[in-house]
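What follows is a short report on a single structure.
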Amino acid sequence: MNPTLADKIAHAPKAELHIHIEGSLEPELIFELARRNDVKLAYDSIDALRAAYAFTDLQSFLDIYYAGASVLLHEQDFYDMTLAYVERALADHVTHAEIFFDPQTHTERGVPIETVVAGIERALAEGERRGLTSKLILCFLRHLPEEDALATYESALPLFDKYPHRLIGVGLDSSERGHPPSKFERVFAKARERGLKLVAHAGEEGPPSYVYEALDLLKVDRVDHGVRSIEDAALVARLADSRIALTVCPLSNLKLCVFDDMTKHTLKDLLDQGVAVMINSDDPAYFGGYVNANYFAIVDALKLSEDEAYTLLRNSLEASFVTDEERAAMIARLNTYWKQ
Ligand code: HPA
Ligand code: ZN
């Protein structure tokens, strides 16, 4: 792509709204933590682990992603993982990040949820000092029963009280097919009553009906991925009218075979029809790049213009869960930068 535009995007202030902190765990850190914690891995070397990152669909990725997370035991481990992401994000000129974590992946191994959040929070507080503002979103694993999500939600209530500035929402991730949003209506209703922000992965591998369920039953504020919405014209029009954003993750979609080639990605169609899409990295340690690499890949493949790149960046700020005042300041900063 045009190197001037690439450079302009790379240095632009931006928000990242779809990043699973466990998906930022690089193979080097997985091995370091395995050694530190005496955890046995199914792979002999960093290269052998990386070689396993040849995914055919979402589930083939999730199996390896959960295995990688098994090395996380202590507060310091969650801190180290999160600080590594903070440093990568700052290097990509991310000024605001809204970060997912999967407590059930850790509590089922006996790691208390308080330990998980304390380590992540300590690193995010350090991130704030270095120029990255952030929010944290607790995700429920949709392959597990709703009762487990409800128990996780109840166990997190003291943490929502303790970290109100940080822990501001709930989300839904893991295996999509066969686990529609409707399965989690009750737990989302509780989170909504509490005034938390709501998001859900929908329309990544699942059909448009899952996006409708996320909107109508869970009443989400944003949809994660949502790329299959393009198959339903009425849904696209509704997303455009409501300005409910889709957090699109191009390299993830490519690696998980949602599209067989980046030139087939539907982001530009969504953008052309007025849907609030932006670019994110999802699980950058597994999918071959952090947020800037995702911008480069999609802008290059779809031959997006400078104006379209600006719209994506601006949408990331518009869709952030920040105050109107903070949003206006972030947009002003982008505009000043973009015009020079
Ligand atoms: N989809 C569903 N669950 C996930 C993902 C994803 O892209 N990444 C981590 N958990
Ligand atoms: Zn995701």
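Read the numbers this way: they start at 1 and go in the same order the structure lists the ligands and their atoms. When a residue number appears, it is its place in the shown sequence, counting from 1.
- Nearest heavy-atom pair across Asp102 and Glu22 is N-OE2, 2.9 Å.
- Residue-ligand proximity: His225 is placed with a non-hydrogen atom under 4.0 Å from ligand 1.
- Taking CZ from Arg130 and CD from Glu87, the interatomic distance works out to 5.0 Å, rounded to the nearest 0.5 Å.
- Between Asp102 and ligand 1, no pair of N/O atoms sits closer than 3.5 Å.
- In this pair, Tyr286 and Tyr65 present their aromatic rings perpendicular. The plane angle is above 60°, beyond the 30 to 60° band.
- When every heavy atom of Leu313 is checked against every heavy atom of Ala12, the shortest pair comes out as CD1-CB, 3.8 Å.
- Ligand 1 places these atoms under 4.0 Å from at least one heavy atom of Phe61: 8 (N), 9 (C).
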Ring pair (Phe, Tyr, Trp, His ring centres under 6.0 Å) assessment of His143 paired with His179: CA-CA 6 Å; His143 66 274; His179 302 285; 7.0 Å; no

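- Atom 1 (N) of ligand 1 has Glu204 OE1, 2.8 Å as its closest protein atom, hydrogens excluded (heavy atom only).
- When the heavy atoms of His20, Lys255, Glu176 are ranked by distance to atom 5 (C) of ligand 1, first place goes to His20.
- Only the side chain of Leu58 comes within 4.0 Å of ligand 1, judged by heavy-atom distances.
- The backbone N or O of Glu326 sits less than 3.5 Å from a side-chain atom of Thr323, completing a donor-acceptor pair.
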Derivation of the ring pair (Phe, Tyr, Trp, His ring centres under 6.0 Å) call for Phe101 and His106: CA-CA 10 Å; Phe101 73 112; His106 313 298; 7.9 Å; no

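- Residue His18 has no nitrogen or oxygen atom sitting less than 3.5 Å from a nitrogen or oxygen atom of ligand 1, judged on distance alone.
- The closest approach of His201 to the Zn ion (ligand 2), by N/O/S atoms, is made by NE2.
- Residue-ligand proximity: Leu62 is placed with a non-hydrogen atom under 4.0 Å from ligand 1.
- Ile137 and Val187 end up in different hydrophobic clusters when Ile, Leu, Val, Met, Phe, Trp and Tyr side chains are linked at under 4.5 Å.
- Of the protein's non-hydrogen atoms, Ser174 N, 2.8 Å is the one closest to atom 3 (N) of ligand 1.
- A side chain to side chain contact (heavy atoms under 4.5 Å, CB included) with Tyr153 is found for exactly one of Leu138, Leu196, Asp148, namely Leu196.
- Considering the Zn ion (ligand 2) as centre, the angle to NE2 of His18 and to NE2 of His20 is 110° (10° rounding).
- Atoms of ligand 1 lying under 4.0 Å from any heavy atom of Asp283, numbered from 1 in the order shown and given with element: 5 (C), 8 (N), 9 (C).
- One of the N, O or S atoms belonging to Asp282 lies under 2.8 Å away from the Zn ion (ligand 2).
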Check against salt bridge (charged side-chain N to carboxylate O under 4.0 Å, His left out), Asp221 and Arg192: CA-CA 10 Å; Asp221 298 290; Arg192 188 165 68 248; over 6 Å; no

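- No N or O atom of Ser252 sits closer than 3.5 Å to an N or O atom of ligand 1.
- A heavy-atom distance below 4.5 Å is found between the side chains of Arg194 and Phe160.
- The closest approach between a heavy atom of Gly23 and any atom of ligand 1 is not below 4.0 Å.
- Considering only non-hydrogen protein atoms, atom 7 (O) of ligand 1 sits nearest to Asp282 OD2, 2.7 Å.
- Ligand 1 has no atom lying under 4.0 Å from any heavy atom of Phe100.
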